[in-house]
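All remarks here apply to the structure that follows.
Owing to the predicted nature of the structure, the values given are computational and were not obtained by experimental measurement. Chain naming here is simple, since letters A, B, ... match the order of the sequence lines and numbering starts at 1 in each. Because only heavy atoms are used, hydrogens play no part in the values below, and waters and symmetry mates are left out as well, while side chains stay in.
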2 protein chains.
Amino acid sequence: MTQAKRAAPARATAWVLENKTLSPVEQAYNYILQGILSGELAPGMRVPSESVAEALGISRMPVRDALRRLEGDGAVTIYANRGATVAEYSHDDVIQLIEMRAVLEALGARLALAHIGDAEMEEFVHLRERMDRAVNDLPNWITRHDDFHNYLTSLSRRPLLMRQTERIRMMLRPYFRRHHAEQQELEIPGHEHQKIIDAVASGNPDVVEQTVRAHALANVEKIANLT
Amino acid sequence: MTQAKRAAPARATAWVLENKTLSPVEQAYNYILQGILSGELAPGMRVPSESVAEALGISRMPVRDALRRLEGDGAVTIYANRGATVAEYSHDDVIQLIEMRAVLEALGARLALAHIGDAEMEEFVHLRERMDRAVNDLPNWITRHDDFHNYLTSLSRRPLLMRQTERIRMMLRPYFRRHHAEQQELEIPGHEHQKIIDAVASGNPDVVEQTVRAHALANVEKIANLT
DNA sequence: GCGCGGATAATTGGATACAATAATACTATT
DNA sequence: AATAGTATTATTGTATCCAATTATCCGCGC
């Protein structure tokens, strides 16, 4: 069990950029994830390693690796001897995920306050406007919406927290899509998110945390009821 | 001629307890995780798939699967073409993890209130006592400590939340071990945790949430400074 | 028509083999 | 002696093959 300790290699954060040809595992990972995020692969659908392998012209082995990683991300569920399916979250699961996201993003927002100046406030308004402009284009709007929240969380300078919230958001993606697709209008332009901007502008950590938390929990029931 | 049967591990690997033939992936997963939790495998140590496979009498393939899952759990880090190492978290990382655990467990505690009656209160006291009795046995105390917190979180009836907090606790395990090992005494028996019990007894959600959160953040700096 | 077995097909799990990559050791050259 | 470049070794990544499990289909009996 014991292994010689050796200095861990430097964290390669930029390997994506220099690698033009993605490795088979990465191809498979991106391919499947894209399918889930885009909505092509709906919750419950099977993801046979064979068909993915064939589609990408690789063997099943890297696909399996990719599926394991996606399982860790909560994007797919792997049943023993029965393969992988796009993760399906129940009514209660969705509630839990939203609750978790709420407290985590609220925490992120609170911690972000320390790093917010005029430039950042401007950026918030900018992001809100971009969101509003995409109000009639659902896929685009979802992206912009995520941009807004991710930016706020990113200002906390907490990469692990960021990663966590992104992960949960990814898990919820299919259900948010469904929810927004059924709404007549996505949001009275900017209204909800302006409240967050105002809270941030106030500079009060408790207010910020509470506002973001409430925002995330806003229509938890409506979303969960779709499942 | 008849093909030789799949070689059942001829060597009776002194394996944990009587288990009903865990699949190779599960064996590898448990084996590595156990090594990390027990402290045998310290952060930064390499975990070559070959040696694990050999130790368990299986091939490298299921070990790879296990490592991928552990990567998703945050227990190991996999560098492309350079294998897996036990996940190493920096000073800042540890702070983030503790912060996340704080808000998530605080949320869990708040939600648990709805499911707490006399029987549960008794169980809390029971668990605290077990913890106190193990005060001179570090590994055991850590287990009891986790038992206490996991029980509280479990009462929220939020499996995903539970899983998340357990995951984070696992990531932090090596650093907590280090922290507690350096402490003269683990805790004025029951003192800190009695405060949580009292808060729960009060039945006030805000108090509970705040208390649990404060408890988790109690010595974040001391722990993080060890890295 | 409906359920129940048993054969058959489809799909995953695991092992071996080989290729690719990174780490290490070595040699030659300055 | 230091270093750069090369050869060697160790380890990981991928492909292919076979076994095992699960799902499907079909005939049979009620």
(message) Contact list please: residues 57-78 of chain A against DNA chain C, heavy atoms, distance less than 4.0 Å, in numerical order.
(response) Arg60(A), Met61(A), Arg64(A)
(request) Would you mind reading off the distance between Glu26(B) atom CD and dG14(C) atom C1', rounded to a whole angstrom? (result) 14 Å
(request) Please confirm whether His180(B) and Phe176(B) have ring centers closer than 6.0 angstrom. (result) yes
(request) Please confirm whether the backbone N or O of Thr77(A) pairs with a side-chain atom of Glu71(A), one donor and one acceptor, at under 3.5 Å? (result) no
(message) In whole Å, I'd like the distance from the CD atom of Glu54(B) to the P atom of dG14(C).
(response) 19 Å
(message) Less than 4.0 angstrom between a side-chain N/O of Arg82(A) and OP1 or OP2 of dT21(D), yes or no?
(response) no
(message) Strictly by salt bridge (charged side-chain N to carboxylate O under 4.0 Å, His left out), give each pair with a member in residues 218-227 of chain B just once, sequence neighbours left out.
(response) none
(message) Can you tell me which residue among Asp146(B), Asp73(B), Leu70(B), Ile36(B) is in a side-chain contact (heavy atoms from CB on, under 4.5 Å) with Met170(B)?
(response) Asp73(B)
(message) Take a 6.0 Å sphere around CD of Glu120(B) and say whether it holds more than 12 heavy atoms from other residues, nucleotides or ligands.
(response) yes
(request) For Arg69(B), enumerate each residue passing the salt bridge (Lys or Arg N to Asp or Glu O under 4.0 Å) test, keeping only those at least two apart in sequence or located in another chain. (result) none
(message) Using whole Å, what does the distance between atom P of nucleotide dA23(C) and atom CD of Glu50(B) come to?
(response) 18 Å
(request) Quickly work out the Asn81(B) CG to dT21(C) C1' distance and round it to whole Å. (result) 5 Å
